[in-house]
Protein chains: 2
Amino acid sequence: MTTGEVLERAGAGEDKDYVQSLVRGLEVIRAFSQYKPRMTLSEVAQHTGLTRAAARRFLLTLVREGYAETDGKLFALRPKVLELGFAYLSSLPMWEVAQPVMRDVVNTLQESCSLSVLDGDDIVYVARVPTARVMTIGLSIGSRLPAFCSSMGRVLLAGLPPAELAVFYDRVRIEKRTPRTVATMVALKEAVENARRQGWALVDQELELGLRSIAVPVRNRRGEVLAALNVSTHEGRSSIEAMRSQFLPVLLDAAQRISAALSQ
Amino acid sequence: MTTGEVLERAGAGEDKDYVQSLVRGLEVIRAFSQYKPRMTLSEVAQHTGLTRAAARRFLLTLVREGYAETDGKLFALRPKVLELGFAYLSSLPMWEVAQPVMRDVVNTLQESCSLSVLDGDDIVYVARVPTARVMTIGLSIGSRLPAFCSSMGRVLLAGLPPAELAVFYDRVRIEKRTPRTVATMVALKEAVENARRQGWALVDQELELGLRSIAVPVRNRRGEVLAALNVSTHEGRSSIEAMRSQFLPVLLDAAQRISAALSQ
DNA sequence: CAATTTTGTTCGCATTACGAACTAATGATG
DNA sequence: CATCATTAGTTCGTAATGCGAACAAAATTG
């Protein structure tokens, strides 16, 4: 063995105060969503890059703690893992209050309504009220979309302190998802600046062809942007003008109601 | 030090293949929901029973991996932890399909509709569509209620294989939550048996005074009970008779639609 | 049904993660 | 407003945890 090469461990573990086993265990949990809901020990090992021995230890630990179950061959997650995600949602003050308000929005507009927050370069859905219609993209709580080409993303970016926004611009890689996706940094900056000025953002088929959405910010009493609220529709169902004249007022009112509820 | 007392570690760690650090780390995540959304290192240590040194390692690891953030003093969870819970939800085949069906139920009945699964002696909410009305209990995805005194619990218990149900009866401790809560094992068994015979369960203020709910099972194509669907209301708003005559048909139809969607 | 591949488990040991001890920060008190 | 007391955060030597190579068992194939 060569002399103490401390930082050889692939990518991870540069830090000192770092619990490798926690990270690996969380990887095992996440492997289930990224691949299949039911996996053998070896499949888990493959999809996490762990040795089979390691995968086994983590799986048995998860089973022992009630986070997973097994029939001896296949492993699957149990509802207890929801408590982990729930730990985050319950820390979001707006969450409980937003749900009924969003239901009202859906009832009024007959289109899906979502609430999201910014995490790195992505928006993350934290609440969602779907319509009965079958949607093109299957989105639910916890799923991510690139911030730069979604309506909620534009609104959330516009609410960032200038310094953080600058960091985002340095880091972000514009990837054309449709022919309509914003193509240049200049255009993106212009779109975000526009969202800031007008207090809302409309994105037309930049994420997926046929998908149109409009978003507004949800602010705390100090005016900081905490989340974004949006309504999405299909290109053939609502015109851009209709979204501005009909959807926008409903959304602004809903965001106002959520903000108001936060401030008591 | 005394001679190799292997099983001295409080409660845990009896097993061999057991990754202590994963369990501890998950405890840290969960500490945030059970206590406050923002905590100092020491508070986390207190609420998990870890030493401050250990709490620090886990918190720094979570921050490093994007599951938490800190301003140097306070720690808070980040949206990334949702991906963990999401790993479970995406493994539930019914989840996506249930949401719009549930929205229809809420629109028709103007009462909250929920979907839950059984985990041990509890039911765990996996989807929920609230009404605009303010509810007495703040329930959301991931939260738990005792199975024995909730309508969904009765339906889920009724769907258990006899052997597993017997184990449940041996284990369960009947705790009176209201004066109306079922008081004896005999009465509980009778209620579960009744739910099995009639294919639904109505529970009147056994969980909380004023709270009434009715539930039906969601089955896969083989007839196994996968989940329970319910509608809950307030005692003063809907009579028991109204729930039977109006709510029940809507619920049965909804459960049927979800089951049908699973079977393609 | 032997050979081969794949999956699951054991076990000695190196590394990890442990927590006692230390230091720094905060708050109380005369 | 120094001093002490208490609480919070960090360091570091070391024991035990968790590691994975090696082994065994099961499944697959020729």
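Each chain gets a letter, A, B and so on, in the order its sequence line appears, and its residues count up from 1.
- Atoms NE2 (B/His47) and P (D/dA8) sit 11 Å apart, rounded to a whole Å.
- In the displayed structure, B/Glu175 atom CD is contacted under 6.0 Å by at most 12 heavy atoms of other residues, nucleotides or ligands.
- Comparing D/dG20, C/dC18, D/dG9 against the side chain of A/Ala54 picks out D/dG20 as the nearest.
- Taking atom CG of B/Leu60 as the reference point, atom C1' of C/dT16 lies 16 Å away to the nearest angstrom.
- Judged by the 6.0 Å distance and 45° axis criteria, B/Arg57 is not positioned over the aromatic ring of A/Tyr18.
- Here the P atom of nucleotide D/dT17 and the CZ atom of B/Arg57 are 13 Å apart, to the nearest Å.
- Across the protein-nucleic acid pair, B/Leu22 atom CG and D/dG18 atom C1' stand 12 Å apart, rounded to whole Å.
- No donor-acceptor pair closer than 3.5 Å links the side chain of A/Gln99 to the backbone N or O of A/Glu96.
- Under 4.0 Å is where a charged nitrogen must lie from a carboxylate oxygen, and between A/Lys80 and B/Asp119 no such pair does.
- Side chains of A/Glu83 and B/Tyr88: a donor-acceptor N/O pair is absent below 3.5 angstrom, by distance only.
- Rounded to 10°, the angle separating the first-five-pair axis and the last-five-pair axis of the helix from C/dC1-D/dG30 to C/dG30-D/dC1 equals 30°.
- For the OP1/OP2 pair of C/dG19 and a distance below 4.0 Å, the side-chain nitrogens and oxygens of B/Arg24 include at least one atom meeting the criterion.
- Of all heavy-atom pairs between A/Ala255 and A/Val216, the closest is CB-CG2, 3.7 Å.
- Here C/dG8 is the nucleotide among D/dA8, C/dG19, C/dG8 with the atom lying nearest to any side-chain atom of A/Arg52.
- Spacing between atom CG of B/Leu41 and atom C1' of C/dT26 amounts to 15 Å, rounded to whole angstrom units.
- Residue B/Gln20 places none of its side-chain N or O atoms closer than 4.0 Å to OP1 or OP2 of D/dA16.
- When each of D/dG20, C/dT16, C/dT7 is scored by its nearest atom to the side-chain atoms of A/Lys73, the top-ranked nucleotide is C/dT7.
- With rounding to whole Å, A/Glu43 atom CD is found 8 Å from C/dT7 atom P.
- Following rounding to the nearest Å, A/Leu50 (CG) and C/dG8 (C1') show an atom-to-atom distance of 15 Å.
- Taking side-chain N and O atoms only, B/Arg56 has no distance below 4.0 Å to OP1 or OP2 of C/dG19.
- Phosphate proximity of C/dA17 to A/Ser21: present, with a side-chain N or O under 4.0 Å from OP1 or OP2.
- For the residue pair A/Tyr169 / A/Glu164, no side-chain donor-acceptor distance below 3.5 Å is found, with atom types taken as modelled.
- With rounding to whole Å, A/Met39 atom CE is found 18 Å from C/dT6 atom C1'.
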